[in-house]
Structure formats: C-alpha cells, structure tokens
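This one's a predicted model, so the numbers in the text were calculated from it and none came from an experiment. Just so we're on the same page: letters track the sequence lines, and every chain starts at 1.
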Amino acid sequence: MKRTIFDKIWDAHVIKGITEGPSVLYIDRHYIHEVTSPQAFTGLEKRGLEVFRPNQTFATCDHNVPTINQHLPISDQSSRLPVEKLAENTKKHRITYFPLGDKRNGVVHIIGPELGLTTCGMTIVCGDSHTSTHGAFGNIAFGVGTSEVEMVLATQTLLQTKPRQMLIKVDGELGKGVCAKDIILYIISNLGTSAGTGYFLEFAGSTIASLSMEERMTICNMSIEMGAKGGLIAPDQITFNYLKDRDYSPKGEAWEESVKYWETLKSDVGAIYDAVYQFSAEEINPMITYGTNPGMGISVTGSIADNLKDNPSSMKALEYMGFAPGEKLIGKRIDYVFLGSCTNGRIEDFRAFASIVKGRRKHPGVIAWLVPGSKQVECQLEEEGIGDVLRKAGFEIRQPGCSACLAMNDDKIPSGKYCVSTSNRNFEGRQGPGARTLLAGPIVAAAAAINGVITDPRELSYEF
Amino acid sequence: MSFEKFTILKSGTINVPIENIDTDQIIPARFLKTTSREGFGKNLFYDWRYDSQGKMIRSSELNENKGEKILVAGRNFGCGSSREHAAWAIYDYGFRAVISSFFADIFKNNALNNGLLPVQVSDNFLDRIFKNIGSDIIINLPERSVTIYSTGETEHFQINSYKQNCLINGFDDIEYLISCRHETENFENNRKK
Ligand code: SF4
C-alpha cells in the first residue's frame, strides 16, 4: 500500500480504533495558553484527575498580554486573571511554563519550533486553531477545543476520525516582492475558505521545497483559513538544519537516530489523495484582502470582483469594509499597520519589512505596531541591527505577544480604521469592534507603512 | 462536563441566513477572559445584537429569542478560531441544535463535545427552512432526520454513530479515553523499544 506522509504519521499514533467510529490517537506534544486551558483544568479537577503526562505539555501566555511594559503587572484585571490562573494551574500540575518576561516566552506557535519542542513526525495539539503551523516540520498538528485539551491532559490521547487528504502543489519560481504569505493568500482566494473542511493538506512542489522553515510555517499556519484540519510539508534537509541544536531538539546519538527516522517521512510515489490542486508560482502576485474572510483576497494591484453585488454575504462584508464591487485598493489611505502574529512575527518577517523601510520614513499618518512573536525574535532584532533600522525609519518595536491579531489585549484597532495586518484573520471585529483589516504579507505592509496608502511594493526599489 | 441527553427536538428557529459565520462573530475575543464555562450566552453574537454604545439593536432577530432552541445559519458555520466558547455561548443562550449546509470541523467537534447538535443539511433544504419562516423544525437524532413541521419536508443528515450514541446518552469522550489508559501505556512502552 502506498502511503502519504500523513498516513505514516497517523498509523504510527493510532492506539486503537472504534468500530464505525473514531480512532484513539496518541498525542506527542501538547501546547497550552491562558485562553483555552482554564476550563480544562477545572474539568480535570472536578473529575479528580491528575495530568497524565505533564512533561509532554508546555505552556505560554500570549493572547492577553500587553506589548509594552511587560515588567509591570498586567493592569487590565480581566487579562491578568487568566494569566495568573495559567501560572497556578501549571505549577500545581508540574507543567513547564514560560511566563511573561521569560526568555522563552512568546506566541505559542512561534516558540514551539523555536525551542525545538516541535520536531518531525509528531502529533501535536493545542487549544488554538493555528496549531496547523507546526505541520511545516512534517507533523500532524491541529487545533482542538477546550474539552479536548482536557482529554489530552487526562489521557495524552484524543478520539479522532481520519480526515480526507488534499495535495496542494506549487511549482515554479516566485516573482520579485512575492512572499510565503502571498502564496497562501493566493491559494485561499482561489479555493475558498471552506475548501479544506474535512481535509488534511499536504503542501508540496518545487516552490514549497525552496522555502525556508519560517516561510513554510506561514503557509501551514493559514491552512485553517481554508477550513482544513491542518496542513503539513514533508521534512527535508532545510527542516533538519533548522532544528539542529535547538534547546529541546534531540542531541548526539538521539539526533542521528531521529533524523534517520524523519527522512522516511515523505509520501510514497503514487500515494492517493482525495483531492489535488496545482498552482504555478509565476502567477502569484503580492496579495491583499478586501473583505471579511481570508478568502476575499486579490493581487495588490487588482480590483474587487464586480459580480459580488449579487451575493448578500459578500455585500455585507464590503459594506463593513467601506469598499464597493469593482473598486481597486491601490492608493487607498490606511491608518494602521500591524507586523506580527504567529503568521508573520518571525525574524525573517522583520528582515523583509526592514528591507523596504531602510532609508525611508514611516508615513506620519500611519500608526505602526511591530510586534515580535517571541522574546527570542525580540533579542535577535537587536543583535542583527534590525531594531536600529526600524527605529531610524520612525518605527517603534513592541514586546512579544499576539497583540493586534485579535482584540483581546490592549492593542486594538479603533472602529472604522483601516489596518494592513500581517496576521491571519480579517473577520469583522477581529482586531477590535468595527476595525477594518486588510491581510497582507510583511512586504506589502511595509510599503503601506511608508506611503500611507496601499502600495505595490514592486514600485519601491529595494533590495530583496 | 455533562449535558442534557438529546433525542427528539421540536422547536421554533432563529434564522441567520449569512454565510461563513466565524467564531469571532459568535463570541468576540474580548469576552473570552473568564475562566469558567458558564455565562457566555449573554455575549453571543454581541456585535450583531448591540451597537457600539452597548444599546440593543432592535432589528436583530437574535434579540427576539422566545425560547427557540434551534439556530439556523448560512453555509460554513463556525469557521475560524477553535474557541469552544462559541459552542458554550450558543448552548448557554438556549440553543440545542444548529442547522447549516456546512460546518467548520473544529466547531462541529466542539459542539458535539458539549451536547449541541450540528445538523448538516443540503443547500436546498436550508433554503426551504429560510423560506418557511415561523415554522417549527423537528430534529430526530435516533432517526437522523430533520423535518420542516409546516410543510412536512424531511431530510436525513449524517452523524458518526459513536457521536450519535454519546449525544443520545449524554456521554462524553473523556470517560472512554480514561478506560483506555492501560492500552495507552502499552503503546508508550512499545514505542520506546
Ligand atoms: S498570533 Fe493571533 S492567530 Fe496566532 S495564536 Fe495569537 S491570536 Fe491566535
């Protein structure tokens, strides 16, 4: 039987199956944060249960944290409480926790790979839909609800029905100014936000193979915006190079052994998928979204489709955004720029952003929030001198957290304002009640921050 | 977490004929800060029910719930964030079932884990429900059928038989998984070898 990489990892984790029902799946790694875990711990305690494998769960706080003055107690009490609760729960149940200020703290999906807690061939879950990020290393990684967080704490297992499998191939060479975010926005705008529902995705093809780990993470991160359970990319030498010598990566002989196993994690030639899509890299332009779901994206120089006027749901979205069918976005004034989140809050994203703003000035009408995804990224920015470049251009760098990706901490976009955001969701109110989000990659975001209007970054000459 | 057993439900509906309703609409992130499971219902669809001053929006059908237990929504309901709070909020508001022509995966799981039945019908049938405003709907879980009471139109829906049983009996997964602990330990030991 020819198997996909998904099949191989799945088969290696099934403990048993229920007739006409789901399988009991073993979970290797479990990440938790302060938003979706408290009720799971309460549930556990109500049942009088202990955490079954405390050393396989790791905790961080990210959603509620402020991105300035992190040395002070969190002033908003409603945000402070869940963070305190997490500290309390992890202490009580002997779970490793990276609290605010710790050099390993950051957004959950950034720190997992960064610390080598995410490796290859694993099953990984977290009470957070963007757990799909970890698929970039060749893992079955997916988001779960709080009841399932409780199940994993209690048993290190979950009941899961095997999803269908979809192969998405991207081949060819990317054009100038086109980045990983553009690839995934392009795919979603083509296939729609529910095309992946019921599926697990595998991304492959020469374009994908040429991407760095950070770029691969950006792509897998947004698998969920297609409705998919998750998305993965087979590991290769780029993956192993990234993981070598990370804090928690296997060392010495264990490393050699691991790599030997990881090298077997690829789909057999002739393995069958339930669906296959192919894209060519040459057709992808810098992208931006105009609506209220991540599938409503166009090339930054393109126009909003005229026929949207026939669809009430699309018209509701356009009304919310203050746009009309047929309009172009280029040249439209914007108010905010957000660089950060588990989609684009890594060092390479900051390098890309800095490559555009270097030697220029931030537009005075734009408020920009540049938020590193983790403490490590924050440090690296200074080590590499990127911090200086950004400050010279009139930008300020904040402290790590989810920040303006979701309106849960202090960083909210005011009602009616336009924000070019490198995050992953442009839902109504996602960045604050009434906030208007335009999703884009770091390069398009940087160009907008410089010009104060939506700009084709290819028109700014820069070294990329 | 225990929930009411679900067998046959006859109720009026609240209809929200909008596609791609994401969990940020169902329960905005700023309401996720409490650490208990209770009380999310009052903030369900908050930004659709209240204006920016916090005043109730009269025209919002969601504000006129007279005990309807079924929410009917457009295609691709529950996409976006994995927040189980969305299922808790819908349940807490009084709903016991959601009908749509398509559900996002995580939402579907979360709903089932909380005794809230997601009923997936055809686009055509969904349209018929939207056209028959005011009619009761009957959901028969043991028979896996959904009926528009006023017209008698019926459609069958699919549900995993394991999950169907859990709902009918009010069971959740965790008890079962705990009963498998011994096998889990064996699995772990075999892997180490
Ligand atoms: S950065 Fe955004 S998407 Fe990522 S975990 Fe935080 S809130 Fe979720």
Chemist: In terms of heavy-atom pairs under 4.5 Å with chain B, which of A/K46, A/E148, A/K85, A/R425 leads?
Modeler: A/R425

Chemist: Listed by residue number, which members of residues 427-437 of chain A have a heavy atom under 4.5 Å from any heavy atom of chain B?
Modeler: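 So the qualifying residues are A/F427, A/E428, A/R430, A/P433.
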
Chemist: The test is side chain to side chain contact (heavy atoms under 4.5 Å, CB included); show your working for A/M315 and A/Y320 and say whether it passes.
Modeler: CA-CA 8 Å; A/M315 284 311 289; A/Y320 179 86; over 6 Å; no

Chemist: Between B/F31 and B/Y46 (judged by ring centroids, cut-off 6.0 Å), do the two rings come close enough to count as a pair?
Modeler: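 Ring centres of B/Y46 and B/F31 closer than 6.0 Å.
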
Chemist: Does any heavy atom of chain A fall under 4.5 Å from the side chain of B/S36, the backbone, both, or neither of them?
Modeler: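 Only the backbone of B/S36 comes within 4.5 Å of chain A.
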
Chemist: In the structure I gave you, are the side-chain heavy atoms of B/F187 and B/R191 within less than 4.5 Å of one another anywhere?
Modeler: yes

Chemist: Contact part of B/Y176 toward chain A, heavy-atom cut-off under 4.5 Å: side chain, backbone, both or neither?
Modeler: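 For B/Y176, the side chain is the part near chain A, not the backbone.
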
Chemist: Is there side-chain contact between B/E155 and B/S145, with heavy atoms separated by less than 4.5 Å?
Modeler: no

Chemist: B/I106 versus chain A, heavy atoms under 4.5 Å apart: side chain, backbone, both or neither?
Modeler: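 For B/I106, the side chain is the part near chain A, not the backbone.
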
Chemist: For A/A407, is it the side chain, the backbone, both, or neither that has a heavy atom closer than 4.5 Å to a heavy atom of chain B?
Modeler: backbone

Chemist: How about B/F107 and B/I21: do any of their side-chain heavy atoms sit closer than 4.5 Å?
Modeler: no

Chemist: Side chain from CB out, backbone as N, CA, C, O: work out which of these in A/A12 comes under 4.5 Å of a heavy atom of chain B, or both, or neither.
Modeler: backbone

Chemist: Report which part of A/L158 has an atom under 4.5 Å of a heavy atom belonging to chain B: side chain, backbone, both, or neither.
Modeler: backbone

Chemist: B/D105 versus chain A, heavy atoms under 4.5 Å apart: side chain, backbone, both or neither?
Modeler: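 It is both, since atoms from each part get that close.
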
Chemist: Using non-hydrogen atoms only, which part of A/D28 is less than 4.5 Å away from chain B: side chain, backbone, both, or neither?
Modeler: side chain

Chemist: Can you tell me which portion of B/E19 sits under 4.5 Å from chain A's heavy atoms? Options are side chain, backbone, both or neither.
Modeler: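 For B/E19, heavy atoms of backbone and side chain both lie under 4.5 Å from chain A.
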
Chemist: Can you tell if the side chain of B/I159 reaches within under 4.5 Å of the side chain of B/R144, non-hydrogen atoms only?
Modeler: yes

Chemist: Under 4.0 Å between a Lys/Arg side-chain N and an Asp/Glu carboxylate O for A/E84 and B/K33?
Modeler: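 Here A/E84 does not pair with B/K33 in a salt bridge, since their nearest N and O are not under 4.0 Å apart.
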
Chemist: Below 4.5 Å from any heavy atom of chain B, which atoms of A/V152 appear? Answer side chain, backbone, both or neither.
Modeler: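 Contact with chain B is absent: no heavy atom of A/V152 under 4.5 Å.
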
Chemist: Just give me the residue among B/G74, B/S81, B/A104 that pairs up with chain A most often, heavy atom to heavy atom, under 4.5 Å.
Modeler: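 Highest number of pairs under 4.5 Å: B/S81.
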
Chemist: Using a 4.5 angstrom heavy-atom cutoff, name the option from A/R53, A/E34, A/K412 with the most pairs to chain B.
Modeler: A/R53

Chemist: Heavy-atom pairs under 4.5 Å with chain A are the metric here; pick the option from B/E185, B/K108, B/R75, B/R83 that has the most.
Modeler: B/E185

Chemist: Is it true that the NZ or CZ of B/K42 lies under 6.0 Å from the centre of B/Y93's six-membered ring and within 45 degrees of the ring axis?
Modeler: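 Judged by the rule (NZ or CZ under 6.0 Å from the ring centre, within 45° of its axis), B/K42 is not positioned above B/Y93.
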
Chemist: Tell me, please, which residues at least two apart from A/K162 pass salt bridge (Lys or Arg N to Asp or Glu O under 4.0 Å).
Modeler: A/D7

Chemist: Considering only heavy atoms and a distance below 4.5 Å, find which of B/A87, B/S161, B/G80 pairs most often with chain A.
Modeler: B/G80

Chemist: Need one label for A/V144: side chain, backbone, both or neither, based on atoms under 4.5 Å from any heavy atom in chain B.
Modeler: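 Backbone of A/V144 only, per the 4.5 Å heavy-atom cut-off to chain B.
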
Chemist: Sort out for me which of A/G143, A/S313, A/P312, A/A228 touches chain B most, counting heavy-atom pairs under 4.5 Å.
Modeler: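 Top count of heavy-atom pairs under 4.5 Å with chain B: A/S313.
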
Chemist: Apply salt bridge (charged side-chain N to carboxylate O under 4.0 Å, His left out) to residues B/R37 and A/E150 and explain how you reach the verdict.
Modeler: CA-CA 13 Å; B/R37 279 177 190 249; A/E150 185 180 336; 3.5 Å; yes

Chemist: Non-hydrogen atoms of chain B under 4.5 Å away: do they reach the side chain of A/N311, the backbone, both or neither?
Modeler: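 The answer is the side chain of A/N311.
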
Chemist: Step through it carefully: locate the ring centre of A/H13, locate the ring centre of A/Y26, and say whether they are under 6.0 Å apart.
Modeler: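 No, ring centres 6.0 Å or more apart.
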
Chemist: Do B/I168 and B/Q164 have side chains that approach each other closer than 4.5 Å (heavy atoms only, starting at C-beta)?
Modeler: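 Side chain of B/I168 against side chain of B/Q164, heavy atoms only: contact under 4.5 Å found.
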
Chemist: Can you tell which of B/N160, B/I18, B/N110, B/D22 has the highest number of heavy-atom pairs within less than 4.5 Å of chain A?
Modeler: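 That would be B/D22.
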
Chemist: If every non-hydrogen atom of A/A195 is compared with every non-hydrogen atom of A/L191, which pair is closest and at what distance?
Modeler: CB-O, 3.2 Å

Chemist: Could you tell me whether A/R164 sits above the aromatic face of A/F200, with NZ or CZ closer than 6.0 angstrom to the six-membered ring centre and within 45 degrees of the axis?
Modeler: no

Chemist: For B/D127, is there an ion pair with B/K131 - N to carboxylate O distance below 4.0 angstrom?
Modeler: yes

Chemist: Relative to B/F95, does B/K69 satisfy both conditions: NZ or CZ under 6.0 angstrom from the six-membered ring centre, and within 45 degrees of the ring's axis?
Modeler: no

Chemist: Could you tell me whether B/K163 and B/D173 make a salt bridge, using a distance below 4.0 angstrom between a side-chain N and a carboxylate O?
Modeler: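 Counted as a salt bridge, because a side-chain N and a carboxylate O are separated by less than 4.0 Å.
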
Chemist: Of the listed residues (B/L177, B/L32, B/N76), which shares the most heavy-atom pairs with chain A below a 4.5 Å separation?
Modeler: B/L177

Chemist: Please look at A/I15 and chain B and tell me whether the side chain, the backbone, both or neither of the residue comes under 4.5 angstrom of a heavy atom of that chain.
Modeler: both

Chemist: Relative to chain A, which of B/T184, B/T35, B/T23 shows the most heavy atom pairs under 4.5 Å?
Modeler: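 Highest number of heavy-atom pairs under 4.5 Å: B/T35.
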
Chemist: Heavy atoms only, distances under 4.5 angstrom: which of A/D128, A/T42, A/I224 has the most pairs with chain B? Name it, please.
Modeler: A/D128

Chemist: Out of A/L406, A/T292, A/T157, which one racks up the most heavy-atom pairs below 4.5 Å with chain B?
Modeler: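 Among the listed options, the one with the most contacts to chain B is A/T157.
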
Chemist: Once the angle between the rings of A/H134 and A/H109 is folded into 0 to 90°, is it parallel (under 30°), tilted (30 to 60°) or perpendicular (over 60°)?
Modeler: perpendicular

Chemist: For the candidates A/S194, A/S314, A/G21, A/G196, which exhibits the highest count of non-hydrogen atom pairs separated by less than 4.5 Å from chain B?
Modeler: A/S194

